[in-house]
Chemist: 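Handing you this structure, nothing more for now.
Predicted, not measured: the structure shown is a model, and the values here were computed from it. Values below: all heavy atoms of this structure, side chains included; hydrogens, waters and symmetry mates excluded.
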Protein chains: 2
Amino acid sequence: MIAAWALDGIEEITAGADLAAIIGDAIARSAEGIRSGDIVVVTSKIVSKAENRFVQADDREDAITAETVRVVASRTNPRTGRTTRIVENRLGIVSAAAGVDASNTPEGTVLLLPEDPDRSARFLAGALRDRFGVDVGVLLSDTLGRAWRDGQVDQAIGAGGVRVFEDLRGHTDAQGRELSVTLPCVADEICSTADLVKGKSTGRPVAIMRGRGDLVGPLDLPGARSIPRTGPSDMFRKGYDEAYADGLAARGEAPA
Amino acid sequence: MIAAWALDGIEEITAGADLAAIIGDAIARSAEGIRSGDIVVVTSKIVSKAENRFVQADDREDAITAETVRVVASRTNPRTGRTTRIVENRLGIVSAAAGVDASNTPEGTVLLLPEDPDRSARFLAGALRDRFGVDVGVLLSDTLGRAWRDGQVDQAIGAGGVRVFEDLRGHTDAQGRELSVTLPCVADEICSTADLVKGKSTGRPVAIMRGRGDLVGPLDLPGARSIPRTGPSDMFRKGYDEAYADGLAARGEAPA
């Protein structure tokens with residue numbers, strides 16, 4: 001049995017806010033409290049706000065460019081003239097607009113992702129462990145689109161004191177055969193669970209999941225930085241049009 | 001607050017099994033029972049078994065080919081000689097091996113996906129509604145890899161009486177601006193939640209999630225068939241190597 005709920009009473013987060021204290025206070029006020037094995041899922045947006053990752057909105061395209069390590073694909077909608085850029089950002093995450101966020105921010109500003117989401121998650125986990133004397137984990141979530149599936153799901157971009165993968169390799173199925181390729185990304189699944197109680201527009205950016213204490217461990221467990229899969233082994237390292245253009249150019253001929 | 005738990009006591013499912021009765025009996029034995037608004041998440045594998053979707057294992061590659069509408073990408077590991085095929089299957093789902101499953105099946109056999117997962121989900125939802133007199137939804141889940149992220153997450157491949165997307169388009173953020181591109185795929189998030197309580201090797205293939213009754217509706221809601229995004233608008237309709245080869249061939253020259 002797992003349970004998940006959102007914390008009430010977390011006000012708008014501003015630059016320099018002591019997020020560990022704010023989340024801790026919300027936990028202290030909650031009926032459910034906090035226990036060893038709980039996993040606290042924090043919308044990365046409020047971490048960005050506390051870390052003052054605001055940029056002027058008229059620099060949005062510049063901000064995306066600055067966060068981009070590599071353009072994976074871009075496509076301009078012929079109707080609207082708007083260009084969607086799928087990029088790999090400095091954290092290795094492939095997403096639209098490099099995680100630069102223009103919703104739920106003060107007018108005229110956009111928000112970059114936290115500078116180092118794993119470090120922020122570990123810091124928050126450490127602070128909550130110290131304050132409440134319990135072993136808890138922290139995940140930072142972001143809302144990501146997916147190749148080949150419509151809509152978005154919340155996934156993990158930062159992790160502190162939580163196993164991001166449940167390694168079943170070497171385990172066996174009911175017939176005794178090895179589950180050779182199974183590596184559930186439980187950190188992503190927990191962030192998706194948290195989204196079901198946080199919602200997008202309700203001002204409840206922090207949720208707690210209880211019931212999978214087996215996934216909580218030392219603060220120096222590998223972070224969410226271990227989830228992105230990029231580089232030469234990535235079969236989808238460029239979009240169709242971009243890879244096609246590479247092929248065309250390989251014969252010294254420019255795209256038509 | 002949401003809660004999720006797996007049902008105990010569901011034995012190995014065989015061809016022709018009355019899955020609605022088996023799941024219903026497990027619910028009837030459970031302490032939590034079932035209530036209107038509950039969402040029952042069923043591992044698609046047991047639906048496949050009940051529907052006798054077994055194929056002889058020496059036909060595995062043939063089975064994958066038969067389920068494949070289109071090869072998206074393939075890559076042979078130079079060390080092992082094994083080829084990974086990412087394909088679009090007849091349901092529009094892009095995944096490795098077209099969903100053909102070789103784990104947790106009787107020796108010598110592999111298992112295809114249910115013939116029509118949305119129809120199966122609607123049938124199960126209808127049967128549970130009739131038996132218990134409550135409005136519940138059913139999702140069929142499968143374990144899917146992702147582009148650009150390691151590991152797998154459980155996602156929805158069938159839906160009966162559950163909204164698969166929570167449509168927030170037109171809603172506003174805390175600053176009153178429209179959440180224009182937000183379309184959470186709640187069906188996928190619920191299947192990920194269920195995976196956290198079902199596990200992969202524990203023989204607990206059915207879970208119930210309680211607390212999001214707002215997502216349960218008529219049995220003729222759009223199914224999970226509305227989730228896959230394929231066709232010309234898909235920026236990743238082929239892998240890098242395949243798209244590159246298309247570009248190379250575009251001038252009448254075969255790939256080197």
Chemist: Between A:F236, A:W5, A:W148, which shows the greatest number of heavy-atom pairs under 4.5 Å with chain B?
Modeler: A:W148
Chemist: Who wins among B:T230, B:L196, B:V197 for the most heavy-atom pairs under 4.5 Å with chain A?
Modeler: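 The option with the most such pairs is B:L196.
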Chemist: Identify, with sequence neighbours excluded, every residue that meets side-chain contact (heavy atoms from CB on, under 4.5 Å) alongside A:S95.
Modeler: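 Result, side-chain contact (heavy atoms from CB on, under 4.5 Å) vs A:S95: A:I93, A:L144.
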Chemist: So which of A:R149, A:Q155, A:M1, A:R237 has the largest heavy-atom pair count under 4.5 angstrom toward chain B?
Modeler: A:R149
Chemist: Please look at B:E32 and chain A and tell me whether the side chain, the backbone, both or neither of the residue comes under 4.5 angstrom of a heavy atom of that chain.
Modeler: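 For B:E32, the contact with chain A is made by the side chain alone.
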Chemist: Keeping the roles fixed (side chain from A:T105, backbone from A:L111), state whether a donor-acceptor pair exists under 3.5 Å.
Modeler: no
Chemist: Given a strict heavy-atom distance threshold of 4.5 Å, which part of B:I86 is in contact with chain A: side chain, backbone, both, or neither?
Modeler: side chain
Chemist: Considering only heavy atoms, which portion of B:F165 lies under 4.5 Å from any heavy atom of chain A: side chain, backbone, both, or neither?
Modeler: side chain
Chemist: Do you know which of A:D188, A:L215, A:D234 has the most heavy-atom pairs with chain B at a distance under 4.5 angstrom?
Modeler: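 Option with the greatest count: A:D188.
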Chemist: Tell me, out of B:R212, B:E242, B:M235, B:M209, who's got the most heavy-atom pairs with chain A below 4.5 Å.
Modeler: B:M235
Chemist: Would you check if the side chain of B:T76 reaches a backbone N or O of B:T83 as a donor-acceptor pair within less than 3.5 Å?
Modeler: no
Chemist: Give me the atom names and distance for the closest heavy-atom approach of A:V153 to A:S192.
Modeler: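 Looking at all heavy atoms of both residues, the shortest contact is CB-OG, 4.0 Å.
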Chemist: Which residue out of B:S226, B:A73, B:A147 racks up the most heavy-atom pairs below 4.5 Å with chain A?
Modeler: B:A147
Chemist: Do you know which of B:A243, B:A6, B:A96, B:G151 has the most heavy-atom pairs under 4.5 Å to chain A?
Modeler: B:A243
Chemist: Is the backbone N or O of B:T109 less than 3.5 Å from a side-chain atom of B:R60, with the two atoms forming a donor-acceptor pair by type?
Modeler: no
Chemist: Under the side-chain hydrogen bond (donor to acceptor under 3.5 Å, both in side chains) rule, collect the residues that match up with B:R85, sequence neighbours excluded.
Modeler: B:E61, B:T65
Chemist: Using a 3.5 Å distance criterion without hydrogens, assess whether the side chain of B:E189 forms a donor-acceptor pair with backbone atoms of A:D154.
Modeler: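 Yes, the answer is positive, given that a donor and an acceptor are paired below the 3.5 Å cut-off.
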Chemist: Taking A:D150's backbone N and O only, do any of them form a donor-acceptor pair with A:R146's side chain (distance below 3.5 Å, no angle check)?
Modeler: yes
Chemist: Just so I understand: if I count every heavy-atom pair under 4.5 Å between each of A:C185, A:P228, A:A4, A:G239 and chain B, which residue has the most?
Modeler: A:A4
